[in-house]
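Each chain gets a letter, A, B and so on, in the order the sequences are listed, and its residues count up from 1.
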Amino acid sequence: MQQPIPDRRSFVFLLRVLRGQAQVDFLPSAPAGLVFTVALCAAGWEYGVYGLCGTALGTATAQTLGVARDRVTTGLEGFNSCLVAVGFAAFLGADHLSTALLAAGGCMVVTVLTGAVGALLRPWHLPTLTLPYCLTASAMTIAAPGFTHAWHHGAGLAALARPAAGRTALTWTDLWHAFFANVAQIFFMPQWYVGALFLLGIFVADRRLGALACLGSAVGIVASWLLGAPATQIADGGMGYNAVLVTMALGGVFLATGGWSLAYAVTGAAAATILTSAAAALFAPSGGHTFTWPFVLTTLAFLVAVPAFPRLRKAGAPDLVPAERATPPAAAA
Amino acid sequence: MQQPIPDRRSFVFLLRVLRGQAQVDFLPSAPAGLVFTVALCAAGWEYGVYGLCGTALGTATAQTLGVARDRVTTGLEGFNSCLVAVGFAAFLGADHLSTALLAAGGCMVVTVLTGAVGALLRPWHLPTLTLPYCLTASAMTIAAPGFTHAWHHGAGLAALARPAAGRTALTWTDLWHAFFANVAQIFFMPQWYVGALFLLGIFVADRRLGALACLGSAVGIVASWLLGAPATQIADGGMGYNAVLVTMALGGVFLATGGWSLAYAVTGAAAATILTSAAAALFAPSGGHTFTWPFVLTTLAFLVAVPAFPRLRKAGAPDLVPAERATPPAAAA
Amino acid sequence: MQQPIPDRRSFVFLLRVLRGQAQVDFLPSAPAGLVFTVALCAAGWEYGVYGLCGTALGTATAQTLGVARDRVTTGLEGFNSCLVAVGFAAFLGADHLSTALLAAGGCMVVTVLTGAVGALLRPWHLPTLTLPYCLTASAMTIAAPGFTHAWHHGAGLAALARPAAGRTALTWTDLWHAFFANVAQIFFMPQWYVGALFLLGIFVADRRLGALACLGSAVGIVASWLLGAPATQIADGGMGYNAVLVTMALGGVFLATGGWSLAYAVTGAAAATILTSAAAALFAPSGGHTFTWPFVLTTLAFLVAVPAFPRLRKAGAPDLVPAERATPPAAAA
């Protein structure tokens, strides 16, 4: 008996959405996306719903606007809207109708921005990374206190940055909490067990990227500990999530894994840890958040410099092709 | 009897200056420029003088530096210097000699920046819009309090952004005041009757763009009312002027008017309304103003993304050609 | 007798390092670099050591990564790391081990950023100037208060900008102090005699550039005096060092010296003086410093606009070729 077409189309769309979830960590893998959804639900079922609906809305918007098919099938049109939806839920409050409506609008606008950033970076063959999401989420969270229907937190967050204070010595508990929370904070979640689930999802799809995520988390902890960041900030993952993403991107996703690229990735991860503090101070007076700006800026700078350094070699074609290649056309149809 | 050459040259120059005034709203039309000058004088005769002198100085600087002739004849070298001069008058005080001298310098520098922004955006075939003016006016107003001869307002404006407060319900008077003031605030003026004159000028030159300006003003009011912006801010046009410009630019100036481009323009206008609040919060701690940054950033992002969306079609050639074509060469000679 | 190879290699490397010092002022000249080192030591021996070690580390990193040889031999890979090292010493405290380690890391990262900025600006044939250093130094100084092991100054520097106050009339001592200090502040030093030594170094290598530096310093003083900047700020060189660099860059390094380019350079120098105040107000709330951002932004904008103005002519090829040509291949081997 032939499978009815509508069901098949829904199933194909669901696969695209799950791949979109997984692309937050550079993985065009539906199983990883499934584990990521479980991880989001472990932090709060509403985050799981926001994540799925956001990815679905972004993917659908891209399809409606006629974006190139291979971008849609590999989930490259879903990860920015996933982060926008979860980010709006985390920072504006998941239980307000206004947040849901703004997140829906944000998921459509971020699709336009994905096209814009892609076109802007094309002359240098650079990937968009999460730059469209950073732009959308920063604009919305900075704008929100100016609108009484969007802001439900009383006083705004705008404040001058103050020097760090408090305990800097790390306990054993801080250490292993930080190790997992660094992976969870990519999705704004501070719980270690949520991070453990995300890490499991990465390993399910790609063991090499899983190892790089672990390396990045370790670099983030060591760098921020050496610099003397407050222990609570290290333990909840707030200092290290950019290092995780930078290490994955430079160590294996966009550069061929090897001694030189690993050294390059570790240098980038340490730089991103410093940028995490700089971004916090820069955004503080306007009430903005750091999001993944340090990851985006560090990775784009380190990638665009690659042609100047003959020791480094790009992985495959310049754009997100490794990810796209990992999805056989048959499965993506 | 043959017309004397000097008079004819003065008349040609005057036409260029009036077209420069009108190009603030994308119109290469001397009659519209004349109505705009009347509108500025209705807000205060000194603003009319600043506007005319600023446009003239910018146009003359471009001629002296040898800028391509079709840019000068269509007024494309005058609208940024017009806004710089009126902006300096509005924010530094029109009745100080220092303001006049700084405005003169600003009009020359903005001509250089027009060349710079044009060259920077050329690889993506993007228009400069009012970006040169935004750069010049932001730099000057943020720098001014550091100079005792340029700043006459006592304490500076630097302050942390505070959440919105006050009445959000709109009265009928708020509504129609906002509708016209949204057009006036493009030139920093909050009076509804000044906006009505500007709108008249747009309709004189191009009824389609006039309709788009009305649509944009309505979108700005609805979006900021739904979001819960303070009613006084909506009524004086401060929340909606970017929406007017975005709707004109995306709905008919740079994209071919149609269902998809109108939907695209309305989405952009709503995004620009949110960006208006974000820009205010971002500039607040350094004492800067929003100017037309939200319009510029939204329109450039939405335009550069167009090639990724096959449903959308650019109007004519990529640059400001529609405007340039509207001026027959004979009239411009 | 044949010269032993290791000694010769050390001597070649030392020449590269001294040229790197001198390239801060656009000079590929080892003698000028030697005088600059003496000038830094006159301000404090630790600054001389930081400068030499920083230039050496940046040059060595570039060699290790396989950067094109002519960039290394002419010192183009050393001047950003020189400024990074001296800047870290000046702003984080030269006598802390943490500063030395962070400066070493910064010198390596700035080499990557030099490659990145070079690639980003290539489509417009623009030089990197000191942009890589501005990025690195701004990120580090803004991030530093967030790290207890990097920050030893008690309270952070984040504060809202306040309008200028105090004496604006210049004494004769203010005037000649400012004239020399404007050259010294390029390296963050406020002493007039340090500036006199730097100026001597410039004249040793290139009398035309020396004259342009003097012109730029004068323009910076006149512009900030006319605008009413506080006399103490003018006297310590804080208002005029960007004008010195802009005048050298536009008046003779990247444009052919002539009437039009001198007028262009003086306009740029005045604009950079205003930007110096704007940058201070923009960075104040996050505790950042102005560094040479006004010079970099003004010069890049004025250079990228050049093709639009037929009256202006680039000097030789678009990149730093004049500098590179000045070093005969034999000496650089």
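- Looking at every heavy atom in both residues, C/A305 comes nearest to B/A116 through CB-N, 3.4 Å.
- A donor-acceptor pair under 3.5 Å is absent between the side-chain atoms of B/S286 and the main chain of C/A281, judged by distance alone.
- In this structure, the portion of B/V109 lying under 4.5 Å from any heavy atom of chain C is its side chain and not its backbone.
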Scan the side chains in residues 99-108 of chain B for donor-acceptor partners under 3.5 Å anywhere in the protein, sequence neighbours excluded, and list what turns up.
from	atom 1	to	atom 2	distance (Å)
B/T99	OG1	B/G93	O	2.8

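- Put simply, the side chain of C/W124 gets close to the backbone of B/A119: a donor and an acceptor are under 3.5 Å apart.
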*Go through the steps to decide whether C/I274 and B/M140 satisfy the test side-chain contact (heavy atoms from CB on, under 4.5 Å), and finish with yes or no.*
CA-CA 7 Å; C/I274 293 179; B/M140 188 67 235; 4.0 Å; yes
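- Scanning all heavy atoms of the two residues, the minimum distance from C/P310 to B/G66 falls at CD-O, 3.1 Å.
- Both the backbone and the side chain of B/P285 come within contact range of chain C, judged by heavy atoms closer than 4.5 Å.
- Of all non-hydrogen atoms in B/A143 and C/A278, the two that sit nearest each other are CB-N, 3.5 Å.
- Within the 4.5 angstrom heavy-atom criterion, only side-chain atoms of B/L113, from C-beta onward, approach chain C.
- Residues C/T267 and B/V112 are not in side-chain contact: their nearest non-hydrogen atoms beyond the backbone lie 4.5 Å or more apart.
- In this structure, the portions of C/A301 lying under 4.5 Å from any heavy atom of chain B include both its backbone and its side chain.
- Within the 4.5 angstrom heavy-atom criterion, no atom of C/P307 approaches chain B.
- Contact of B/T64 with chain C is made through backbone and side chain together, with heavy-atom distances under 4.5 Å.
- The two residues B/T148 and C/T168 come nearest to each other via the heavy atoms OG1-CG2, 3.3 Å.
- Proximity to chain B (any heavy atom under 4.5 Å) is shown, for C/F283, by neither the backbone nor the side chain.
- For C/R311, the CZ atom sits in a packed shell: over 12 heavy atoms of surrounding residues, nucleotides or ligands are nearer than 6.0 Å.
- Between atom OG of residue B/S138 and atom CG of residue C/L282 there is a gap of 8.5 Å, rounded to the nearest 0.5 Å.
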*Would you sort out whether C/M239 and B/F147 count as a side-chain contact (heavy atoms from CB on, under 4.5 Å), showing the intermediate values?*
CA-CA 11 Å; C/M239 289 307 300; B/F147 299 119; 3.5 Å; yes
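- Chosen from B/T111, B/V67, B/L120, the residue pairing most often with chain C at heavy-atom distances under 4.5 Å is B/L120.
- In this structure, C/D236 has no salt bridge (Lys or Arg N to Asp or Glu O under 4.0 Å) partners at least two apart in sequence or on a different chain.
- The backbone N or O of B/G146 sits nowhere less than 3.5 Å from a side-chain atom of C/R162 that would complete a donor-acceptor pair.
- For C/L303, no part lies under 4.5 angstrom from a heavy atom of chain B.
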